[in-house]
Amino acid sequence: MDEATHISDAMRASVGRELSRLVSFPVSASDIRRWALAVYHPEEPPRLFWDEAYARASVHGGIVAPEEFNPFAWMTAEPAGRRRAPDGGVDALERALGIRGPAVRFQLNGGLEATYGARIRPGDVITGVTRLAEYSERPGRLGLMLFTVSEATWTNQRDEWVKTSRSTLIRY
C-alpha cells in the first residue's frame, strides 16, 4: 500500500463486490399501515397508506408503502431470522469482504442519498443487494480522509427496480 493512500490494491480490486443480499418476507398491508403510523405519529398518516378504498381510486390502484418503508427492518426470509447489527469497527466493511482494512482510527456517517422506482405493495417480496461502490480520498484538516460508498439496490419479485440508496462512510 502506498504511504500516501489508505486504498490498498485488495480494496481497489473489491469495488463492485457484493456485501450482502437480503430477501424480505411478503409485505402485508398491515406492515405498511404500522410503518405509516410510526412515521407520521402523532398525525394521521396519508390515506394512501391505510385506506384501501381511497388507495384503489388513486393513481396507484391500491395501498402502497411510504417510499422510506423498510421491509428488512425486523426480520428477513433470507438469510432467515432476525437481522443482527454487523460487528463494528473502522474496518468492518473490509472484514465483511475478507480483506484487510485501511489504517484509520475514526469514522463518521457521510450521508445517504436514495432514488425511488416502483412502489412497494402488499404481497411484494423485496430483494436487496448491497455492493461496495467506490473508494476515494481527499485531504482534510486531520489528515487524509477515505470516502467509502456502498450502494444498495432493491427489486421486487417482478424484477422491477424499487430503490437505490448510496451510503457514504468517511474514515480518517
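Heads up: numbering here begins at 1 and tracks the sequence. Because only heavy atoms are used, hydrogens play no part in the values below, and waters and symmetry mates are left out as well, while side chains stay in.
- Following chains of ILVMFWY side-chain contacts shorter than 4.5 Å, one cannot reach Val149 starting from Val15, and the two form parts of different hydrophobic clusters.
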Might you work through the salt bridge (Lys or Arg N to Asp or Glu O under 4.0 Å) test for Glu52 and Arg47, ending with a clear yes or no? CA-CA 8 Å; Glu52 186 64 55; Arg47 292 174 65 191; over 6 Å; no
Pair His6-Leu144, side-chain contact (heavy atoms from CB on, under 4.5 Å): steps then yes or no: CA-CA 8 Å; His6 291 298; Leu144 187 62; 3.8 Å; yes
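- Counting only distance, with no hydrogens or angles, the side chain of Arg33 and the backbone of Trp50 share a donor-acceptor pair below 3.5 Å.
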Kindly determine whether Trp74 and Phe25 satisfy ring-ring contact (aromatic ring centres under 6.0 Å, His included), including the steps that lead there. CA-CA 10 Å; Trp74 299 283; Phe25 286 103; over 10 Å; no
Before giving the answer on side-chain contact (heavy atoms from CB on, under 4.5 Å), spell out for Thr153 and Trp161 the whole-Å C-alpha distance, their side-chain angles and the decisive distance to 0.1 Å. CA-CA 8 Å; Thr153 302; Trp161 168 68; 3.9 Å; yes
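- Taking 4.5 Å as the limit, every side-chain heavy atom of Thr168 sits out of range of all side-chain heavy atoms of Leu112.
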side-chain contact (heavy atoms from CB on, under 4.5 Å) between Glu94 and Arg100: does it pass, once the steps are laid out? CA-CA 6 Å; Glu94 288 78 21; Arg100 187 176 180 164; over 6 Å; no
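- Grouping the Ile, Leu, Val, Met, Phe, Trp and Tyr side chains by contacts below 4.5 angstrom, directly or via other members, places Leu142 with Ile170.
- The minimum heavy-atom distance between Asp91 and Gly101, with the atom names listed, is CB-CA, 3.9 Å.
- A cation-pi geometry, defined here as NZ or CZ lying under 6.0 Å from the six-membered ring centre and within 45° of its normal, holds between Arg138 and Phe147.
- Side-chain contact between Asp31 and Pro71 is absent, with no heavy atoms from C-beta onward closer than 4.5 Å.
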Would you sort out whether Leu146 and Tyr135 count as a side-chain contact (heavy atoms from CB on, under 4.5 Å), showing the intermediate values? CA-CA 7 Å; Leu146 172 62; Tyr135 287 113; 3.8 Å; yes
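- Nearest heavy-atom pair across Ala36 and Phe49 is CB-CB, 3.7 Å.
- Under the 4.5 Å side-chain criterion, counting only non-hydrogen atoms from C-beta, Asn156 is not in contact with Val125.
- By the 6.0 Å contact criterion, CZ on Arg158 is enclosed, its count of non-hydrogen atoms from other residues, nucleotides or ligands being greater than 12.
- Residue Ile7 holds its CD1 atom at 4.0 Å from CD of Glu137, rounded to the nearest 0.5 Å.
- Applying the 6.0 Å contact sphere to OH of Tyr116 captures more than 12 heavy atoms from other residues, nucleotides or ligands.
- Distance check: Leu93 CG to Gln107 CD gives 9.5 Å after rounding to the nearest 0.5 Å.
- In summary, the side chains of Glu151 and Thr164 do not present any donor paired with an acceptor at a separation below 3.5 Å, with no hydrogens or angles considered.
- Two residues are said to be in side-chain contact when any heavy atoms from C-beta on lie closer than 4.5 Å; Arg119 and Glu160 fail this criterion.
- Within the 4.5 Å cutoff, no side-chain heavy atoms of Met145 are placed close to those of Pro139.
- In this structure, CD1 in Ile32 is found 5.5 Å from CZ in Phe69, a value given to the nearest 0.5 Å.
- Of the inter-residue distances, the one linking Leu169 atom CG with Leu108 atom CG reads 7.5 Å to the nearest 0.5 angstrom.
- Of the inter-residue distances, the one linking Asp9 atom CG with Ile99 atom CD1 reads 10.5 Å to the nearest 0.5 angstrom.
- A distance-only check finds a donor-acceptor pair linking the side chain of Arg17 to the backbone of Leu97 [under 3.5 Å].
- In this model, a donor atom of one side chain and an acceptor atom of the other lie less than 3.5 Å apart for Arg171 and Thr148.
- Contact check for Val39 versus Glu68: side-chain heavy atoms found under the 4.5 Å cut-off.
- Cluster annotation: Val27 and Leu22 are assigned to the same hydrophobic cluster (Ile/Leu/Val/Met/Phe/Trp/Tyr, side-chain heavy-atom contacts under 4.5 Å, transitive).
- In this structure, Val162 and Ile126 have side chains that are in contact, with non-hydrogen atoms separated by less than 4.5 Å.
- Side-chain contact between Pro122 and Ser28 is absent, with no heavy atoms from C-beta onward closer than 4.5 Å.
- Residue Ser14 holds its OG atom at 12.5 Å from CZ of Arg131, rounded to the nearest 0.5 Å.
- Using a 4.5 Å cut-off between side-chain heavy atoms of Ile, Leu, Val, Met, Phe, Trp and Tyr, with links allowed through other members, Leu132 and Val104 fall into different hydrophobic clusters.
- Ring-centre distance between Trp35 and Tyr40: not below the 6.0 Å cut-off.
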